[in-house]
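Data block below; observations after.
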Amino acid sequence: TYLFAYDLMQFCGHSWIFTNMIIRFMSFGEDSLADTFYSIGLVMRLCQLLSTLEILHILIGIDKSHLLPRFLQITERIIVLFVVINSQEEVQGKYVVCVLFFLWNLLDVVRYTYNMLARMGIYYLPLTWLNFSLCILLYPLSVLAKAFAICVSLPYFESFGTYSIKLPFPFTFSIYFPYVLKMYLLVLFIGMCFTIQNIISERKAHLGTGNIKKKT
């Protein structure tokens, strides 16, 4: 019951964002893309903060998902959304933010719909196929969008020195945050390869011949 309520809450949040983005684009066209973060950023941040509970769900055993792939996906979003986009106002108006939000919410609307029905023992083959197939295409695209958002933000981190730290004497140690982000880009793509392998294995497990017959 708790997991169903959690999935329902996330579904409502992400479907509101997704619907809002579509309506705004149909009403205002390209002008709506630049202020995507300002119009729906708060709800997006709340949904992503709430998603950190999924790590706890796996740790305490009430969710049987694999920990590492889910941890990677959640932390990637948290870092890009809160550290990269939220901290640099100049990045918030870029079109890549709209692309990221669209990809994230499209994936999550499908995933949380599937999860809610699965909690009740309801499996629809088209929805099951969509849940385990759509992410194979869209997750790499979202990683590319995250990487692009990081690259776009680098000049602003360099100019403003955000999160860069230089310790006072007697320490001769400093952290130049743009270098941290550049190293994180490598981690991002390594994590993508691992996550895609896990997604493909889950797809085979749920869409195997025996499972298809049961869920038809």
Within the structure provided, determine whether [X] and [Y] are in side-chain contact (heavy-atom separation under 4.5 Å).
X: Gln10; Y: Tyr6; answer: yes
X: Lys94; Y: Phe148; answer: no
X: Phe132; Y: Ile199; answer: no
X: Lys146; Y: Phe189; answer: no
X: Leu67; Y: Ile55; answer: yes
X: Leu72; Y: Leu68; answer: yes
X: Ile200; Y: Arg203; answer: no
X: Arg77; Y: Phe82; answer: no

Tell me whether the count of non-hydrogen atoms from other residues, nucleotides or ligands lying under 6.0 Å of [atom1] in [X] goes above 12.
X: Phe28; atom1: CZ; result: no
X: Glu90; atom1: CD; result: yes
X: Met120; atom1: CE; result: yes
X: Phe194; atom1: CZ; result: yes

Measure the [atom1]-[atom2] distance between [X] and [Y] for me, rounded to the nearest 0.5 Å.
X: Tyr114; Y: Asp7; atom1: OH; atom2: CG; result: 11.5 Å
X: Leu138; Y: Leu107; atom1: CG; atom2: CG; result: 5.0 Å
X: Ile22; Y: Ser27; atom1: CD1; atom2: OG; result: 11.5 Å
X: Asn20; Y: Ser15; atom1: CG; atom2: OG; result: 11.0 Å
X: Asp63; Y: His57; atom1: CG; atom2: NE2; result: 7.5 Å
X: Glu202; Y: Ser65; atom1: CD; atom2: OG; result: 6.5 Å

When you measure from the side chain of [X] to the backbone of [Y], do you find a donor-acceptor pair of N or O atoms at a distance under 3.5 Å?
X: Ser142; Y: Tyr139; result: yes
X: Ser164; Y: Phe177; result: yes
X: Ser39; Y: Thr36; result: yes
X: Thr19; Y: Trp16; result: no

Taking [Y] as the starting point, is it possible to reach [X] by hopping between hydrophobic residues whose side chains are less than 4.5 Å apart?
X: Tyr38; Y: Val91; answer: no
X: Leu42; Y: Leu33; answer: no
X: Met9; Y: Phe11; answer: yes
X: Ile175; Y: Tyr179; answer: no

I would like to know whether Arg111 and Glu54 meet salt bridge (Lys or Arg N to Asp or Glu O under 4.0 Å); could you show each step before the answer?
CA-CA 13 Å; Arg111 184 166 69 90; Glu54 296 178 26; 3.5 Å; yes

What closest approach, in Å, do [X] and [Y] show between heavy atoms, and which atom pair accounts for it?
X: Met21; Y: Cys98; result: CE-O, 3.4 Å
X: Ile122; Y: Tyr124; result: CG2-CE1, 3.5 Å
X: Ile78; Y: Thr52; result: CD1-CG2, 4.3 Å
X: Ala34; Y: Tyr95; result: N-CE2, 4.1 Å
X: Leu3; Y: Ile62; result: CD1-O, 3.2 Å
X: Leu100; Y: Ala145; result: CD2-CB, 3.7 Å

Going by atom types alone, do Arg45 and Gln48 pair a side-chain donor with an acceptor below 3.5 Å?
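Looking only at side-chain atoms, Gln48 and Arg45 do not form any donor-acceptor pair under 3.5 Å.
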
Donor on one side chain, acceptor on other, His206 and Tyr123, under 3.5 Å
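Checked: His206/Tyr123 side chains show no N/O donor-acceptor pair below 3.5 Å.
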
Between Phe18 and Phe101 (judged by ring centroids, cut-off 6.0 Å), do the two rings come close enough to count as a pair?
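No: the rings miss the under 6.0 Å criterion.
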
From CA spacing to verdict: side-chain contact (heavy atoms from CB on, under 4.5 Å), Leu81, Asn86
CA-CA 6 Å; Leu81 179 58; Asn86 190 62; 5.8 Å; no

Parallel, tilted or perpendicular, as decided by the 30° and 60° cut-offs, for the rings of Phe160 and Tyr156
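Correct class here is parallel.
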
